Amino acid sequence: MNRRYGNAQTIGSNVNQNTYFMTKQIAGGFLAVLADGTIDSVTGAYAAILACESVARGIGSVEDVEGQLARQFTGTAALLHERLYKGRMPRVSVLAVCFTRDDLFYRSVGELSLVNFDGRKLYVTGAGFGRMDRKGMLTLLCSQGVWQALTEIDVERLLSGRSHPYRKAQNIIEAVNGRNLKEQRSALAVIVA
């Protein structure tokens with residue numbers, strides 16, 4: 001299942017880029033995974049990369065995708081706990097979305113947002129899991145750095161129109177950078193049509 005998608009990110013005022021994403025075609029669908037290491041350090045950056053790669057590695061089809069997502073999130077938390085956080089709670093946010101023909105399945109922990117836009121209204125989902133009908137929807141996966149700088153009205157305006165998802169993602173990050181916030185967190189936007 002081919003999907004049009006685009007991405008953009010900014011490091012903000014951080015020293016290290018602590019957000020990461022992956023997309024991949026899977027049997028019967030398309031997978032997008034976004035992670036935010038939440039701390040401005042090499043550990044935060046590595047945690048985001050490791051989380052995305054670990055979740056994506058275990059999802060191969062849309063068959064029992066809810067079960068696959070649950071298992072991968074559990075395994076990823078254990079891996080982060082073992083390799084990076086040595087017994088402390090992992091400080092990483094992860095959002096995975098599996099797109100099928102007309103639905104999407106998602107699982108999210110932490111401070112990332114799943115946004116669906118039907119051309120008129122935004123539907124914002126935070127931490128949790130579930131299934132949604134996505135007929136006629138444009139989907140945005142984004143980090144808290146986007147919401148730090150932009151309002152829902154800004155995001156709605158930037159998602160409107162017929163341009164390619166890549167251009168829309170670039171426009172979102174340009175708008176974030178245009179705010180020139182002193183303590184801007186890193187921001188990442190992945191848009192799937």
Side-chain angles (χ1 to χ4, degrees), residues 3-23 30-53 55-56 90-97 99 104 106-128 132 134 136-193:
R3 294 271 179 199
R4 293 182 316 131
Y5 68 94
N7 67 282
Q9 65 190 79
T10 180
I11 196 167
S13 59
N14 287 351
V15 174
N16 297 287
Q17 178 62 271
N18 61 349
T19 56
Y20 189 75
F21 83 99
M22 293 182 75
T23 59
F30 182 80
L31 177 71
V33 184
L34 177 84
D36 185 341
T38 70
I39 55 175
D40 183 16
S41 71
V42 173
T43 301
Y46 184 57
I49 293 167
L50 188 60
C52 282
E53 290 181 356
V55 169
R91 294 177 58 191
V92 63
S93 298
V94 183
L95 168 61
V97 181
F99 298 87
L104 65 79
Y106 71 94
R107 184 167 285 269
S108 180
V109 295
E111 299 181 340
L112 302 173
S113 297
L114 171 63
V115 179
N116 286 299
F117 180 60
D118 66 5
R120 296 181 313 278
K121 182 178 177 186
L122 292 179
Y123 302 90
V124 181
T125 304
M132 295 179 187
R134 78 169 308 280
M137 296 282 188
L138 181 70
T139 302
L140 165 68
L141 294 75
C142 65
S143 66
Q144 281 303 105
V146 171
W147 296 118
Q148 178 189 15
L150 304 177
T151 66
E152 282 191 25
I153 293 170
D154 294 329
V155 172
E156 188 176 291
R157 179 181 50 78
L158 292 163
L159 291 177
S160 296
R162 294 184 177 266
S163 59
H164 192 278
Y166 176 80
R167 176 72 335 232
K168 289 180 182 192
Q170 295 295 313
N171 290 342
I172 286 172
I173 297 306
E174 287 170 11
V176 167
N177 286 335
R179 295 293 161 94
N180 291 321
L181 297 179
K182 184 176 181 180
E183 297 294 322
Q184 176 64 52
R185 293 174 64 177
S186 62
L188 174 57
V190 177
I191 299 174
V192 181

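Everything numeric in this text was worked out from a predicted model, so none of it was measured.
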- Query: Do Met132 and Asn116 come within less than 4.5 Å of each other through their side chains, counting heavy atoms only?
  - Reply: yes
- Note on the structure: Here the pair of heavy atoms bringing Gly145 nearest to Val176 is O-CG1, 4.2 Å
- Query: At what distance, to the nearest 0.5 angstrom, does CD of Glu53 lie from OH of Tyr20?
  - Reply: 4.5 Å
- Looking only at heavy atoms, which two atoms of Gly37 and Ala48 are closest? And how far apart? N-CB, 3.8 Å
- Closest non-hydrogen atoms of Ser113 and Gln144, given as atom of the first, atom of the second and distance, are OG-OE1, 3.8 Å
- Task: Check the surroundings of atom OH in Tyr123: do more than 12 heavy atoms from other residues, nucleotides or ligands lie under 6.0 Å from it?
- Result: yes
- Do Phe99 and Val192 come within less than 4.5 Å of each other through their side chains, counting heavy atoms only? yes
- Task: Can you see which heavy atom on Pro165 is nearest to which on Ala193, and at what distance?
- Result: CG-CB, 3.8 Å
- Query: Considering the options Leu188, Leu34, Thr10, which one meets the side chain to side chain contact (heavy atoms under 4.5 Å, CB included) requirement together with Thr19?
  - Reply: Leu188
- Message: Less than 4.5 Å apart, side chain to side chain, heavy atoms only: is that true for Val97 and Leu95?
- Response: yes
- Nearest-0.5 Å distance, CG of residue Asn171 to CG of residue Leu159: 10.0 Å
- Hey, does Leu158 have a side-chain heavy atom less than 4.5 Å from the side chain of Leu150? yes
- Message: Distance check, rounded to the nearest 0.5 Å: Glu183 atom CD versus Gln148 atom CD?
- Response: 8.5 Å
- Between Ala187 and Ser143, the two heavy atoms sitting closest are CA-OG, 3.3 Å
- Message: I'd like to know if the side chain of Gln170 reaches the main chain of Asn7, judged simply by a donor and an acceptor atom lying under 3.5 Å from each other, with no hydrogens or angles considered.
- Response: yes
- Query: In Å, rounded to the nearest 0.5 Å, how long is the span from CZ of Arg107 to CG of Leu114?
  - Reply: 13.5 Å
- Message: What I'd like to find out is whether the side chain of Val33 reaches to under 4.5 Å of the side chain of Phe21, using heavy atoms alone.
- Response: no
- Show your working on salt bridge (charged side-chain N to carboxylate O under 4.0 Å, His left out) between Arg167 and Glu174 and close with a plain yes or no. CA-CA 10 Å; Arg167 176 72 335 232; Glu174 287 170 11; 3.6 Å; yes
- Between CG of Leu104 and OG1 of Thr139, what distance do you get to the nearest 0.5 Å? 5.5 Å
- Heavy atoms, side chains only, cut-off 4.5 Å: are Leu112 and Asp36 in contact? yes
- Item | Reference residue Ile191; test side chain to side chain contact (heavy atoms under 4.5 Å, CB included); the match among Val115, Leu140, Leu141 | Leu140
- Message: If I take atom NZ from residue Lys168 and atom OG from residue Ser163, how far apart are they, to the nearest 0.5 angstrom?
- Response: 5.0 Å
- Message: Before you tell me yes or no, could you show the steps for Asp118 and Arg134 under salt bridge (charged side-chain N to carboxylate O under 4.0 Å, His left out), namely the whole-Å CA-CA distance, both residues' side-chain angles and the distance that decides it to 0.1 Å?
- Response: CA-CA 9 Å; Asp118 66 5; Arg134 78 169 308 280; over 6 Å; no
- Query: Does atom OH of Tyr5 have more than 12 heavy-atom neighbours from other groups under 6.0 Å away?
  - Reply: no
- Which heavy atom of Ala169 sits nearest a heavy atom of Ala189, and at what distance? CB-O, 3.9 Å
